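Reviewing the structure listed below.
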Amino acid sequence: MRPHTGSFSWWLVDRVSCLLDESEREVVCGDLAECGSRPGRALREVLGLLVRRQAALWLDWQPWFAVLSAVVPIGLLLSHASRSWGVILGIDLANYWVLWDFSYLAYPGYRNDVIHLVVWTGTCWVALVGWSWMCGFVVGQFSRRTLWLTLSMFALVVFVGTWGKVPMRQWNPSLQYHLVVVVAPRMVRAFLVILPMVLGAYRGRRGSTLSLLPTALGVLLMAGATIVVSQAFENSVFFPRDPGPDGFVISEDDPRPWWPLSFVMMWPAAYILATTVVHRWREKRVLA
Amino acid sequence: MQLGEFEYLMLTAAARLGDEAYGLAIRQEIEVATGRQCSLGALYTTLDRLELKGLIKTWMGDPTPQRGGRPKRMVRVTAKGEQAAAAFYAAVMRVSRGVTWATK
């Protein structure tokens, strides 16, 4: 754009212009260089064009479908699940960090507890990663040209979806409490939700279909993980009626059913499997 | 073919510039003629619309040094575009006949 001026403003203009299509970016940057625009005006010009381009894309139904059927509902559920399981993970890690002793493994009860924790945590992680990746995949397919905006929305929903669920009056300023309630859920969200979602979105945007066998096995695995961990949604995720002492993990007497949530989480899996099967069937027909 | 005022301005500027018609030159032509600022957003979204209607044809020109080695988006008014602009101009002339500002 203006290679001789290495100012922050021009760097910002350059970064923002990257959100335009490659050919349009070249033309616009060339125009700005030729007319000797000031960085402030250049930024306004690029942002103006970007807003118009995005607005035009949102006249289509696909981005809205991606947001309303995946980004918001699945993002909210993942926000609650990642927070709940992040806190549990933080508590377990803190406990084992303080109390861990290899000699305890000689006791069957302790050993079983460790095995149960590893299996349960692993299943939860598989579920989180799988749901996020599949959600990303369908968002990538339906929202190809608005992907950076829908991904930003998803990150926002995941990170702010549980705001207000921890009463501040119970806030404990100790470092351990901070690690458990704040840091652990954020790490879980960043690495087990946002990262797989972004990877899935870019895979979905590429448009090429997945192989049938790995897809079917992946969907089966996710269905199993969903059945196992969905029970953890009960009470702890949806509209807690009576928050417990830490304001998040609550009592077990809430009669509201948890099973419909699995449909919300698993529809991307059903979509991916269906589109893969249809694509393979069409391929076979063409070859035949 | 229905044209808007800004679309007419763009077609006219592109026709006036002839072989030298490209995005930035059209913008400067419009700004000089109207005394109003024209944003790149309005310029390029309108160019797309006109191309979609078949009133202009655009293509990437050669890169030039004063543009930092980046190409121009060249513009040419099609025959359909000329007809649409002529119809718009004729309508403005007809409707303006006899009004005070047209006879000054």
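The shown structure was predicted, so the numbers you read here are calculated from the model rather than taken from an experiment. Within every chain, numbering begins at 1; the chains are lettered A, B, ... in the order of the sequence lines, protein sequences first and strands thereafter.
Here the side chains of Arg27(B) and Cys35(A) are in contact, with some heavy-atom distance below 4.5 Å. Two residues are said to be in side-chain contact when any heavy atoms from C-beta on lie closer than 4.5 Å; Tyr44(B) and Leu20(A) fail this criterion.
In terms of modelled atom types and a separation under 3.5 Å, the side chain of Arg67(B) and the main chain of Val27(A) share a donor-acceptor contact. Put simply, the side chain of Glu45(A) gets close to the backbone of Leu40(B): a donor and an acceptor are under 3.5 Å apart.
When heavy atoms are compared at a cutoff of 4.5 Å, Arg44(A) does not approach chain B at all. Residue Ala25(B) does not touch chain A at all, counting heavy-atom pairs closer than 4.5 Å.
Leu32(A) contributes atom CG, which lies 8.5 Å from atom CG of Leu24(B) (distance to the nearest 0.5 angstrom).
No more than 12 heavy-atom neighbours from other residues, nucleotides or ligands sit within 6.0 angstrom of CH2 on Trp125(A). When the shell of 6.0 Å around CZ of Arg203(A) is examined, it contains more than 12 heavy atoms from other residues, nucleotides or ligands. Counted within 6.0 Å of CZ on Arg145(A), heavy atoms from surrounding residues, nucleotides or ligands total 12 or fewer; the atom is thus considered open. A 6.0 Å sphere centred on CH2 of Trp59(B) holds more than 12 heavy atoms belonging to other residues, nucleotides or ligands.
The two residues Cys38(B) and Arg41(A) make their nearest non-hydrogen contact at O-NH2, 4.2 Å.
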**Q.** Arg52(A) and Asp48(B): CA distance, side-chain angles, deciding distance, salt bridge (charged side-chain N to carboxylate O under 4.0 Å, His left out) verdict
**A.** CA-CA 12 Å; Arg52(A) 282 169 185 264; Asp48(B) 284 354; over 6 Å; no
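Of the listed residues Arg73(B), Gln66(B), Lys72(B), the one with more heavy-atom pairs under 4.5 angstrom with chain A than any other is Gln66(B).
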